[in-house]
Amino acid sequence: IGKDIPKFEKKLSNITKSKFVLSTINGTSALHIGLKVIGVKSQDEVLVPSLSFVAPVNAILYNNATPHFIDSEINHFGIDPKKLNDYLKKNTFVKKNLCFNKKTKKVIRALVLVHVFGHPGKISEILSISRKYKIKVLEDAAEALGSLYMGKHVGTFGDIGILSFNGNKIVTTGVGGAILTNSKRLAENSKHLSTTAKIK
């Protein structure tokens with residue numbers, strides 16, 4: 001089985017055009033590690049759509065961060081970019097390249113962009129808003145293997161992306177997930193955490 005994992009990762013890389021693909025035990029683990037390597041810390045807040053599976057919220061909690069729910073839009077059920085922008089404009093401020101929640105004074109470190117039922121979210125608009133407010137983006141493409149946005153595979157637009165191969169997914173390995181990134185640093189950190197995290 002071990003020798004087949006690199007072959008599987010290579011095929012996923014060919015399909016998604018992601019430079020680095022790392023297998024994980026499941027999609028939730030990929031989310032957990034993905035959030036950690038993009039910098040989510042204890043007591044941070046992470047934006048997540050109001051319509052989603054429980055896995056992104058669990059992954060946020062595993063990082064001892066707080067899920068912060070944002071309205072979904074009606075057409076494809078992803079985060080509504082207009083409501084996101086209006087909400088951030090009213091309820092946050094940026095200081096020293098960090099986005100702060102005015103009410104809680106916590107850092108809003110990241111946003112989980114979920115491609116619900118494989119439908120790509122409004123990626124360009126959401127990325128633009130996230131950059132404006134200094135928020136990292138993790139793409140949850142768990143249900144979206146093979147979904148393209150402007151000719152590019154979803155899960156490859158944000159800082160990091162994930163896939164799932166649970167029994168109800170397009171391709172299934174029974175359980176399993178993957179991390180997608182074009183960053184060598186994020187790939188190495190993800191690999192370190194997804195294995196035994198030994199320090200030499």
Side-chain angles (χ1 to χ4, degrees), residues 1-40 46-49 52-53 55-56 58-60 75-79 81 110-131 135-195:
I1 294 172
K3 66 181 181 182
D4 292 326
I5 292 172
K7 290 181 186 176
F8 183 60
E9 291 172 339
K10 179 66 176 170
K11 286 194 174 189
L12 289 171
S13 179
N14 290 340
I15 291 166
T16 63
K17 304 296 185 276
S18 179
K19 193 170 180 182
F20 301 100
V21 175
L22 299 136
S23 298
T24 59
I25 190 68
N26 53 41
T28 304
S29 177
L31 287 162
H32 180 191
I33 292 166
L35 288 170
K36 190 170 288 296
V37 299
I38 63 171
V40 172
V46 178
L47 303 176
V48 65
S52 177
F53 185 56
N58 282 341
I60 293 164
N75 294 325
H76 299 110
F77 311 121
I79 287 175
L111 175 148
V112 180
L113 172 53
V114 182
H115 303 299
V116 182
F117 303 134
H119 296 291
K122 294 182 176 175
I123 297 173
S124 296
E125 294 166 74
I126 291 168
L127 287 179
S128 177
I129 295 163
S130 298
R131 281 192 290 266
I135 296 170
K136 301 274 188 180
V137 175
L138 182 151
E139 282 184 83
D140 181 345
E143 301 176 326
L145 181 61
S147 294
L148 303 178
Y149 177 82
M150 296 173 64
K152 187 178 173 184
H153 200 285
V154 298
T156 63
F157 289 86
D159 296 280
I160 203 161
I162 71 99
L163 298 170
S164 172
F165 309 108
N166 191 33
N168 63 338
K169 299 303 188 293
I170 294 162
V171 170
T172 177
T173 55
V175 294
I179 292 169
L180 309 176
T181 182
N182 288 318
S183 163
K184 185 178 180 183
R185 179 183 62 82
L186 292 181
E188 287 175 347
N189 289 346
S190 297
K191 186 72 171 177
H192 176 69
L193 292 174
S194 68
T195 53

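Note that the coordinates shown come from a computational prediction; the quantities given were computed from them, not determined experimentally.
Smallest separation of non-hydrogen atoms from L180 and V154: CD1-O, 4.4 Å. Taking each heavy atom of V116 and H76 in turn, the nearest pair found is CB-O, 4.0 Å. Smallest separation of non-hydrogen atoms from T24 and A178: OG1-N, 3.6 Å. Taking each heavy atom of A59 and L31 in turn, the nearest pair found is CB-CB, 3.5 Å. Across V114 and P56, no two heavy atoms sit closer than the pair CG2-CG, 4.3 Å. Across all non-hydrogen atoms, the minimal contact from L145 to I170 is O-CD1, 3.4 Å.
Counting only heavy atoms from C-beta outward, the side chains of L47 and V112 never approach each other to under 4.5 Å. Inter-residue side-chain proximity for P120 and L148 is flagged as unmet; no heavy-atom pair is nearer than 4.5 Å. Looking at K152 and T156, their side chains come closer than 4.5 Å, going by heavy atoms from C-beta outward. Proximity of D140 to L113: side-chain heavy atoms (C-beta onward) are nowhere separated by under 4.5 Å.
In this structure, the separation between CG on L138 and NZ on K36 is 13.5 Å, given to the nearest 0.5 Å. One distance of note links CD1 of I33 with CG of L193; it measures 6.0 Å at 0.5 Å rounding. One finds the CD1 atom of I38 at 7.0 Å from the CD1 atom of I160 (value rounded to the nearest 0.5 Å). Here the straight-line distance linking atom CG of D4 with atom NZ of K11 works out to 10.0 Å at 0.5 Å rounding. Note that the CD1 atom of I179 and the OG atom of S190 stand 4.0 Å from one another [nearest 0.5 Å]. Residue E143 holds its CD atom at 8.0 Å from OG of S52, rounded to the nearest 0.5 Å.
Taking the six-membered ring for Trp and the full ring otherwise, F8 and F165 have centroids separated by under 6.0 Å.
No donor-acceptor pair closer than 3.5 Å links the side chain of S13 to the backbone N or O of V21. A donor-acceptor pair under 3.5 Å links the side-chain atoms of Y149 to the main chain of S124, judged by distance alone. Put simply, the side chain of T16 gets close to the backbone of L12: a donor and an acceptor are under 3.5 Å apart. Under the 3.5 Å distance criterion, the side-chain polar atoms of N26 are left unmatched by any main-chain donor or acceptor of G177. Listed for the S29 side chain is no donor-acceptor partner under 3.5 Å among the backbone atoms of I25. A donor-acceptor pair is defined here as one N or O able to donate and one able to accept, closer than 3.5 Å; no such pair exists between the side chain of D159 and the backbone of K136. Here the side chain of S18 pairs a donor or acceptor atom with the backbone of T181 at under 3.5 angstrom. A donor-acceptor distance shorter than 3.5 angstrom exists from the side chain of S194 to the backbone of K191, with no hydrogens or angles considered.
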Working for side-chain contact (heavy atoms from CB on, under 4.5 Å), residues L127 and V137: CA-CA 7 Å; L127 287 179; V137 175; 3.8 Å; yes
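Relative to the ring axis of F20, K184 does not place its NZ or CZ within 45° and under 6.0 Å from the centre.
If you check the side chains of H115 and E139, you find a donor sitting under 3.5 Å from an acceptor.
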